[in-house]
Amino acid sequence: MDLDLSPVEPFRAEVRDWLRAHVPAAPLPSLETGEGFAAHRAWERELASARLSVVSWPERYGGRDATPLEWLVFEEEYYAAGAPGRVSQNGINLLAPTLFRYGTPEQLDRVLPPMASGEVIWAQAWSEPGAGSDLAALRSTATRVGGGWLLNGQKTWSSRAAFADRGFGPFRSDPEAGRHRGLIYLMFPLEAEGLTRRPIGRLDGKPAFAELFFDDVFVPDADVIGEPGEGWQVAMGTTGSERGLTLRSPGRFTAAADRLVGLWRERADPADTALRDRVADAWIRARAYRLKGFETISRAEDAGAESSVNKVFWSELDVALHETALDLLGPDGELDGDWLEGYVFSLAGPIYAGTNEIQRNVIAERVLGLPREAKA
Amino acid sequence: MDLDLSPVEPFRAEVRDWLRAHVPAAPLPSLETGEGFAAHRAWERELASARLSVVSWPERYGGRDATPLEWLVFEEEYYAAGAPGRVSQNGINLLAPTLFRYGTPEQLDRVLPPMASGEVIWAQAWSEPGAGSDLAALRSTATRVGGGWLLNGQKTWSSRAAFADRGFGPFRSDPEAGRHRGLIYLMFPLEAEGLTRRPIGRLDGKPAFAELFFDDVFVPDADVIGEPGEGWQVAMGTTGSERGLTLRSPGRFTAAADRLVGLWRERADPADTALRDRVADAWIRARAYRLKGFETISRAEDAGAESSVNKVFWSELDVALHETALDLLGPDGELDGDWLEGYVFSLAGPIYAGTNEIQRNVIAERVLGLPREAKA
Amino acid sequence: MKFVLDAEQRLFGETLNKLLAGAGTAGAVRARAAGDPEPGRALWRSLAGAGVFALAVPEAAGGAGPLPVELVTAFHELGRHAVPGPLAETVAAAGLLARLDAGTGRGSGRGDDAGGLAAAWLPRIAEGTAVVSLALPPAVPYALDADTADLVLVVDGDELRTAAPGAALTSLDPARRLFPVAAGAAEAGTALACGPAVRAAAAAAFDLGALACAAQLTGVGRRLLEVTVEYAMTRRQFGRPIGSFQAVKHRLADVLVALEHTRPLVHGAALAYGSPDFPRDVSAAKAAASDAAHAAAGSALQVHGAIGYTDEYDLSLWIRKARALRSAWGSPAAHRSRVLSCLTGG
Amino acid sequence: MKFVLDAEQRLFGETLNKLLAGAGTAGAVRARAAGDPEPGRALWRSLAGAGVFALAVPEAAGGAGPLPVELVTAFHELGRHAVPGPLAETVAAAGLLARLDAGTGRGSGRGDDAGGLAAAWLPRIAEGTAVVSLALPPAVPYALDADTADLVLVVDGDELRTAAPGAALTSLDPARRLFPVAAGAAEAGTALACGPAVRAAAAAAFDLGALACAAQLTGVGRRLLEVTVEYAMTRRQFGRPIGSFQAVKHRLADVLVALEHTRPLVHGAALAYGSPDFPRDVSAAKAAASDAAHAAAGSALQVHGAIGYTDEYDLSLWIRKARALRSAWGSPAAHRSRVLSCLTGG
């Protein structure tokens, strides 16, 4: 057992130097605006030009074949540098792992390089008004037609969809089949004929989501991922990565915790250190999550249901960390700014990618082996 | 709306003066020992001689017909004075309300005066090894014989039963009836023929409980409370008062919170006030519970399921308050003493008289009106 | 001793509840956020008509107060319906002016003195024709809605002066616009009064504002619980109403437990008005109300899921207000500190 | 970088687990509480035989250490099986003596100096024939099990001396007897060493003791979770296993989440041994382990109900130990403070 990071220090230094030279001095405009979206897309292109947009991917798709440890180190440097939010996040963290597992070589070649370069930005389109946590309840349909499928129905809370180029998600291809069967996983252009998108604001009013209305939107067979009817398995493969290490890298939290310690030092009245315990605790938990990440990548076997353990932990840490910052800010805690933006963002953590209630069920039943709940 | 306590100030002054003159300077030995039990019984006698053992009871049974407000004030003074624990508590708080509601005049006349004077100390005998929170699962039986009933089976975690004189609780009189039916509520002597008691220690090893083994223990009809077969209703009447205002009077918590503030002032390093929030919070919550008590007695109607709201609140306050004290004590936190004893006592709060999980179900279903859980 | 609202007080609260339920308060918030203060102003007038602001104004100055119990009853309803505007600020300002007035001899008639100020503004506050904002740095460093207020006051040390609003800061709560009134930004202000009486009046005003804010928070929390319980009974996931899941039930039960034990603290503080325990009791109430509303908002968000996270659902107005009012009029940590200081005399 | 135990380390932990599972540790605790130290002493010898104490003793002094990763692996198992005795104390004392030895020049041969002390005691610690208690006031003011220890050390400022046990204090944990070693009570003690090297060695010993205690707490927490999960699967109330209730499931899931994120902190601190980050990382681990074990104990008690509250069920030994070890070797608040001091250099 060791924590010897010296072999990756050259890589870390390269990333750090590059970021120091390239991270914009002033924050980009919010990526929830048209202007900000374009600026963030340009940033993705800049990252890609240094082969830093998707370091863990194979070289042929724009990556560097980076090891998981290198990826963790990249993320640490990225967030420590205060670099811009990743507008390509949905594609890179949710769609790409799905394609690596279920996609055809043709799909990989076609989809990944423009994703890596920021040329095509992806939005996820999973939730429906009646199917949030209960994904099996979704009702939007895909109907077989010559050479492809026609999509009908509605998706909502589609992240990035207000400005993105393409979307992906599961649809019901066989209305007769059971809840978990008869789904199909598809990619589609957001500018497609028959598709209407309506931006919707998140908690602080910023349009981070959109509603999507499908009216006979045609999708060719080439854009089906996996087999028709096996969309559930494909989607679950994606939630695995959404819940696991990839979506919320430890570097986010260690960087935020370091900033919190800085805020505490700057703001706290030394005679009034009621929040000290919470500041220290946030830092300790961020460190725990970082070390847990090293542990995870050191293990040969796949984490499996343990990704639920991570999800509960990081999502609650993220909320607690930002709540502590807002409480430290006192009367400034309600004001728009980085900490409030981070707080609003953190509040989605316990809800999306399977609510923490569902995660706790998964932990209790699949890790601890407790009996399933009584059925309704 | 007012909080005018001036009408009860003379009574408060009388109680305070009497306690100042009579509360033993040195704490009595632990009431979980034979010696301590006797000392506490003597203290009950002393209280009774001043008509202060059961102030809210009618005068004919040894009380003063005190109003609920006077009772609250009595309790405040009692705990503020650091007076001994009430060894008669199970009788006064659990059996007496049951008798007032379901008992015959003969039972009231016979049972209450020696309870008030400490001559007879009562133990409750409800739980069984297989029936803790799920009271309807109890299996100890009462079999009809001439002039009375024969008890068989086992009770456990019977508070005070190691040294008390008599016990009370529900038994199954009709094994054929459903879970909530066919119960009978009885009083019995702990020295009865056929009854074996075995003291069992609580968490800190002190023998606060006993197991009771019944082997054809005879109970005359005169010691049945309510109708045979209606023991469930009788028991529920008792749990109502156990969960409500009576068992844990606000005075306990306000006195403990004041002592906690004193401990904080005495112990806390002013430069190291990490626990300040928790100390202040305990005091605020104790005050809230006190004022909630005034609210409850100001209402015309019965609290009903709201007693569950109180029970969750005081039991969690009690644990938090004592945990804060132990944390303040640092390395002394594990040492035997008043705070540790209070902590151990507090830990039973969320468990007994219906676990807090059950209380939360009651609140959700009966107060908030949420749907019942799915059945197994 | 009768520590529950009497029939008249209950009726007052119910009347306000009915008035506000039909008044489109959420629409007024959204209009305000979009730059139109008029619906909020109309609400203000009907609240004044119902007697809300007169509760903070002494009878001698055209009001019906001070009536702290009625005030917290009203503010509970204001929070329950997410009424926008500098509500606690106006009430605190009324308290400040009335206290200065009493301190300097009522009706002395000098136009630039505290008595004149009170005479000029208190009746207008009572009748609802004056919306007043107030900053009390450092605890209340910004003047809420100073752009639409008729009078903006700031107390800087022992000086009371008017302040001209600078550039607005954006709050998470779209009903709130905050304006810095730092010493440097005060060129445009006029000095109104000075001396230890100002300091004392500002302290009293802070307590009144914090009490009003605490009551508002209990209303915010109550509404969040009500809406969430209703949602949990109708929303189905995994083939059953989500309110039948124990995790949801227990979470909402905990919110009720917290709210039920916050109301007595708020009422108790209101009854302590004028006593030496008032600051302590206000702080206890504000700390508890902030936490209870915060818990209610957290549960509302978690139980609603993404719907609760969506701007256009009105629920978000209450979730955001719970966060904003938590740090307004003193943070929970600051109020807990004050409770302990009061208790230990330190 | 391979941040998981290697095969040999895992095997070592599993071997200890098997050894202790069959060793009647709960019985040893109860015997100790009843005045019979012999079963505990026998346990100590078999642990020494398995190499546990040698991990803290340098190779030059007859040990195999210092091997901090192996040490925390062992202490996790010691906690998991509620092994009684001054375990962390002996390990910390070994660290102290080794450090003093190194500081004064090893093997200088003077009978009354630190080198001689180390030469006399370290081999005995390694082989399990010396049980050593240690007090490091103010954080560790009492000497655990001083009545049965072969050597009782106390560091008072920059003086190291032996201490004679006074009257025992009762701990909630029946496995623990605590002995005051206040300055006044030290007449019987002998001064052993003095100077800044003692102070430095005591600081290092404190970190080692706190790390061992943190690892012990993770084992205590793990055992509490294991036993409680098992109970929740078999205990039925209301016609079903209580482990099928969501309230029970979620609570136990939270315990697992906390424990899973404590282990890396403990391992990380062990790997930081000898680096400037060691104090910070030990404090992070001890604070987290105290809270995780505390949560595990709270859940164990609540899920077991009255059974968990009963002395004679062995579960209570772990519940009590979680509370005792929480405040031993520095309270969570103290350790959190230290983390923040290390981070801010203040």
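Throughout, a chain's letter reflects where its sequence line sits, starting with A, and its residues are numbered from 1.
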What part of C/Gln9 is in contact with chain B, defined as an atom under 4.5 angstrom from a non-hydrogen atom: side chain, backbone, both or neither? side chain

Is the number of heavy atoms from other residues, nucleotides or ligands within 6.0 Å of CD (C/Glu230) greater than 12? no

Check each atom of B/Arg265 against the heavy atoms of chain C and say whether the ones under 4.5 Å are side chain, backbone, both or neither. side chain

Is the backbone of C/Ala296 close enough, under 3.5 Å, to the side chain of C/Ser299 for a donor and an acceptor to pair up by distance? no

Going by the side-chain hydrogen bond (donor to acceptor under 3.5 Å, both in side chains) test, which pairs reach into residues 12-21 of chain C, not counting sequence neighbours? C/Asn17-C/His81

Salt-bridge test for B/Arg278 and B/Glu323: reply yes if a basic N is under 4.0 Å from a carboxylate O, no otherwise. no

C/Glu8 vs C/Glu70, side chain to side chain contact (heavy atoms under 4.5 Å, CB included): CA-CA, chis, key distance, verdict: CA-CA 10 Å; C/Glu8 207 176 331; C/Glu70 284 72 9; over 6 Å; no

Quick one: does C/His76's side chain have a donor or acceptor within less than 3.5 Å of a partner on C/Val72's backbone? no

Below 4.0 angstrom, N of the basic side chain to O of the carboxylate: do B/Glu77 and B/Arg12 qualify? yes

Inter-chain contacts: residues 212-225 of chain C against chain B, heavy atoms under 4.5 Å: C/Leu225

Report the C-alpha separation of B/His322 and B/Asp318 in whole Å, then their side-chain angles, then the decisive distance to 0.1 Å, and conclude whether the side chain to side chain donor-acceptor pair (under 3.5 Å) test is met. CA-CA 6 Å; B/His322 285 91; B/Asp318 205 20; 3.3 Å; yes

With chain C, the option among B/Asp258, B/Asp281, B/Val279 that has the most non-hydrogen atom pairs under 4.5 Å is B/Asp281

Sort C/Val339 into side chain, backbone, both or neither according to what part of it lies under 4.5 angstrom from a heavy atom of chain B. side chain

Residues in residues 278-293 of chain C near chain B [non-hydrogen atoms, under 4.5 Å]: C/Arg280, C/Asp281, C/Ala284, C/Ala287, C/Ala288

Between C/Ser331 and C/Ser327, is there a donor-acceptor pair closer than 3.5 Å when you use the side chain of the first and the backbone of the second? no

For the rings on C/Phe206 and C/His335, is their centre-to-centre separation under 6.0 Å? yes

Run the salt-bridge test on C/Arg338 and C/Asp207 with the 4.0 Å N-O cut-off and return the result as yes or no. yes

Are B/Glu316 and B/Arg285 close enough for a salt bridge, meaning some N to O gap below 4.0 Å? no

Checking B/Leu368 against chain C: side chain, backbone, both or neither under 4.5 Å from a heavy atom? both

With C/Ala94, which residues qualify under side chain to side chain contact (heavy atoms under 4.5 Å, CB included), at least two apart? C/Ala56, C/Val57, C/Leu122, C/Ile125

Segment of C/Val229 engaging chain B (4.5 angstrom heavy-atom cut-off): both

Interface moiety of B/Asn361 toward chain C, non-hydrogen atoms closer than 4.5 Å: both

Engaged part of B/Glu365 at the chain C interface, taking heavy atoms whose separation is under 4.5 Å: side chain

Per-residue contact mode, C/Leu271 against chain B (heavy atom under 4.5 angstrom): side chain

Would C/Asp254 and B/Arg360 count as a side chain to side chain contact (heavy atoms under 4.5 Å, CB included) if you check the C-alpha gap in whole Å, the side-chain angles of each, and the deciding distance to 0.1 Å? CA-CA 7 Å; C/Asp254 281 336; B/Arg360 287 192 174 89; 2.6 Å; yes

Between B/Leu291, B/Asp4, B/Val309, B/Asp2, the one whose heavy-atom pairs under 4.5 Å with chain C are most numerous: B/Asp2

Between B/Asn356, B/Val367, B/Ile284, which residue shows the highest count of heavy-atom pairs closer than 4.5 Å to chain C? B/Ile284

